[in-house]
Novice: 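Quick one: the structure is below, and I'll ask about it shortly.
From a predicted model like this one, the values you see are computed outputs, not experimental measurements.
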Amino acid sequence: MTTAVYLASASPRRKELLSQLGVEFTQFSVDADESPLPNEQPRALVERLARLKAQSGVELGYTDRPVLGSDTVVVIDNESLGKPRDKNDFTHTLKRLSGNTHQVLTAVAFATQNDVLSCVVSTDVTFKTLTDEEINAYWESGEPQDKAGGYGIQGLGGRFVTHIAGSYFSVVGLPLYETEQLLQTFLRR
């Protein structure tokens, strides 16, 4: 790809992944309210937030090339799990994920002043059964504090994963194949 975009995200993981596509980009962050709307389903939430972030970039004046917005949520029992608020919230989350399969939904959106296009990628992730000691040691590592669902598959949290069905890169935070396809579609519109 020889196009240039803006990346409306402060995430170092998204920056690294977008670099793998060979896309030129400038990164910035947007301040978006990520609170779910009343009765908002996880898929609708993640897509709305990705679109909001991309459109917020356009509103900030990034208008000479497409703005990429993305968001990721971890879902179990149709409930979105955000970043852990504290150790108790983290422990509760990891106990729910322990020995179970959950979904990671990542939405990608491209926006300009005249158009917005988005998609959602769903990946099933299965965790081994975790001990209290493993959960506590993982919290103490410092890794889970800023991660949706309280873990990072690309880091120490990856050792808990027994099976994945879908896009590994989506779980990290930016599905490479789908992002490239969406950008090509967006540019042809």
Side-chain angles (χ1 to χ4, degrees), residues 1-75 79-85 103-123 143-155 166-189:
M1 299 176 112
T2 58
T3 191
V5 301
Y6 290 110
L7 174 60
S9 171
S11 167
R13 293 168 299 281
R14 288 196 177 107
K15 177 182 179 182
E16 181 181 322
L17 290 170
L18 188 57
S19 295
Q20 292 181 32
L21 290 179
V23 175
E24 293 180 31
F25 65 93
T26 301
Q27 184 178 25
F28 63 92
S29 62
V30 293
D31 186 24
D33 180 0
E34 297 188 20
S35 304
L37 300 174
N39 302 312
E40 188 172 33
Q41 294 298 305
R43 186 178 196 89
L45 168 68
V46 74
E47 188 165 24
R48 178 179 62 79
L49 292 177
R51 293 172 72 97
L52 174 65
K53 291 173 183 180
Q55 291 170 315
S56 293
V58 172
E59 290 172 9
L60 287 172
Y62 295 93
T63 58
D64 59 319
R65 53 184 130 148
V67 177
L68 166 60
S70 186
D71 197 70
T72 301
V73 296
V74 173
V75 179
E79 181 185 343
S80 300
L81 305 176
K83 297 173 185 175
R85 293 182 301 276
Q103 291 71 48
V104 177
L105 302 176
T106 296
V108 178
F110 284 99
T112 59
Q113 289 175 298
N114 302 317
D115 200 7
V116 63
L117 186 63
S118 59
C119 71
V120 177
V121 178
S122 178
T123 302
E143 182 179 275
Q145 281 83 344
D146 70 338
K147 308 282 190 298
Y151 76 95
I153 195 170
Q154 73 283 6
S167 169
Y168 167 82
F169 295 109
S170 180
V171 180
V172 176
L174 190 69
L176 296 181
Y177 173 78
E178 291 83 358
T179 299
E180 183 175 54
Q181 296 302 305
L182 188 66
L183 180 57
Q184 290 176 2
T185 299
F186 187 81
L187 295 173
R188 287 193 299 264
R189 287 167 64 116

Novice: Tell me yes or no: between the side chains of Ser118 and Glu47, is some donor less than 3.5 Å from an acceptor?
Specialist: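 Yes, Glu47 and Ser118 have a side-chain donor paired with an acceptor closer than 3.5 Å.
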
Novice: If you compare all heavy atoms of Leu17 against all heavy atoms of Phe169, which two are closest, and at what distance to 0.1 Å?
Specialist: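 Closest pair (atom of Leu17, atom of Phe169, distance): CD2-CD2, 3.4 Å.
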
Novice: Taking all heavy atoms of Thr123 and all of Ser167, pick out the closest pair and write down the distance.
Specialist: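 Taking every non-hydrogen atom into account, OG1-N, 3.0 Å.
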
Novice: Val104 and Ser170: which non-hydrogen atoms are nearest, and at how many Å?
Specialist: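 So the minimum-distance heavy-atom pair works out to CG1-O, 4.2 Å.
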
Novice: Just checking, is any N or O donor in the side chain of Thr106 or Arg14 under 3.5 Å from an acceptor N or O on the other one?
Specialist: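 Thr106 vs Arg14: no donor-acceptor pair found between side chains.
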
Novice: Not counting sequence neighbours, which residues clear salt bridge (Lys or Arg N to Asp or Glu O under 4.0 Å) with Glu143? List them please.
Specialist: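 Partners of Glu143 by the salt bridge (Lys or Arg N to Asp or Glu O under 4.0 Å) criterion come out as none, since no residue qualifies.
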
Novice: Please find the pair of heavy atoms, one from Gly57 and one from Val30, that lie closest to each other, and give the distance.
Specialist: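 Minimum heavy-atom separation between Gly57 and Val30: N-CG1, 4.0 Å.
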
Novice: Apply salt bridge (Lys or Arg N to Asp or Glu O under 4.0 Å) to Glu16 and list each qualifying residue two or more places apart in sequence or on a separate chain.
Specialist: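 Here no residue qualifies.
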
Novice: Are any of the side-chain heavy atoms of Arg43 and Gln103 separated by less than 4.5 Å?
Specialist: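 No - every pair of side-chain heavy atoms lies 4.5 Å or more apart.
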
Novice: Any donor and acceptor pair, going by atom type alone, linking the side chain of Gln154 with main-chain N or O of Val171 inside 3.5 Å?
Specialist: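 Here the side-chain-to-backbone pair does not exist.
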
Novice: Please assess Tyr151 against Leu81 for the test side-chain contact (heavy atoms from CB on, under 4.5 Å), listing each intermediate value before the final yes or no.
Specialist: CA-CA 11 Å; Tyr151 76 95; Leu81 305 176; over 6 Å; no

Novice: Can you tell which of Val46, Thr179, Val120, Val121 makes a side-chain contact (heavy atoms from CB on, under 4.5 Å) with Val108?
Specialist: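 Exactly one candidate clears the test, Thr179.
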
Novice: Taking all heavy atoms of Ala54 and all of Leu68, pick out the closest pair and write down the distance.
Specialist: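 The pair with the smallest heavy-atom distance is CB-C, 4.3 Å.
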
Novice: For Asp115, check salt bridge (Lys or Arg N to Asp or Glu O under 4.0 Å) against everything at least two apart and list the hits.
Specialist: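 Asp115 satisfies salt bridge (Lys or Arg N to Asp or Glu O under 4.0 Å) with Arg189 only.
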
Novice: Considering residues at least two apart in sequence or located in another chain, which fulfil the ring pair (Phe, Tyr, Trp, His ring centres under 6.0 Å) criterion with Tyr6?
Specialist: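 Scan of Tyr6 (ring pair (Phe, Tyr, Trp, His ring centres under 6.0 Å), adjacent residues dropped) gives Tyr62.
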
Novice: For residues Asn114 and Thr112, is any side-chain donor paired with an opposing acceptor at under 3.5 Å?
Specialist: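 Checked: Asn114/Thr112 side chains show no N/O donor-acceptor pair below 3.5 Å.
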
Novice: Please determine which of Leu183, Leu187, Leu182 meets the side-chain contact (heavy atoms from CB on, under 4.5 Å) test together with Leu117.
Specialist: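 When side-chain contact (heavy atoms from CB on, under 4.5 Å) is applied between Leu117 and each of Leu183, Leu187, Leu182, only Leu182 qualifies.
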
Novice: Restricting to salt bridge (Lys or Arg N to Asp or Glu O under 4.0 Å), what partner residues turn up for Arg13, sequence neighbours left out?
Specialist: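 If we apply the salt bridge (Lys or Arg N to Asp or Glu O under 4.0 Å) test to Arg13, skipping adjacent residues, there are no hits.
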
Novice: Looking at Ala8 and Val67, what are the two nearest heavy atoms and their distance?
Specialist: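 It is CB-CG1, 3.8 Å.
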
Novice: Considering the options Arg48, Lys83, Lys53, which one meets the salt bridge (Lys or Arg N to Asp or Glu O under 4.0 Å) requirement together with Glu34?
Specialist: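 When Arg48, Lys83, Lys53 are each tested with Glu34, the salt bridge (Lys or Arg N to Asp or Glu O under 4.0 Å) holds only for Lys53.
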
Novice: Strictly distance-based, threshold 3.5 Å: is any side-chain N or O of Ser70 a donor or acceptor partner for the main-chain N or O of Ala107?
Specialist: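 Pair found, side chain donor or acceptor close to backbone of Ala107.
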
Novice: Mind checking side-chain hydrogen bond (donor to acceptor under 3.5 Å, both in side chains) for Glu178 and listing every partner two or more places apart, or none if nothing turns up?
Specialist: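 Listed in chain order: nothing, the list is empty.
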
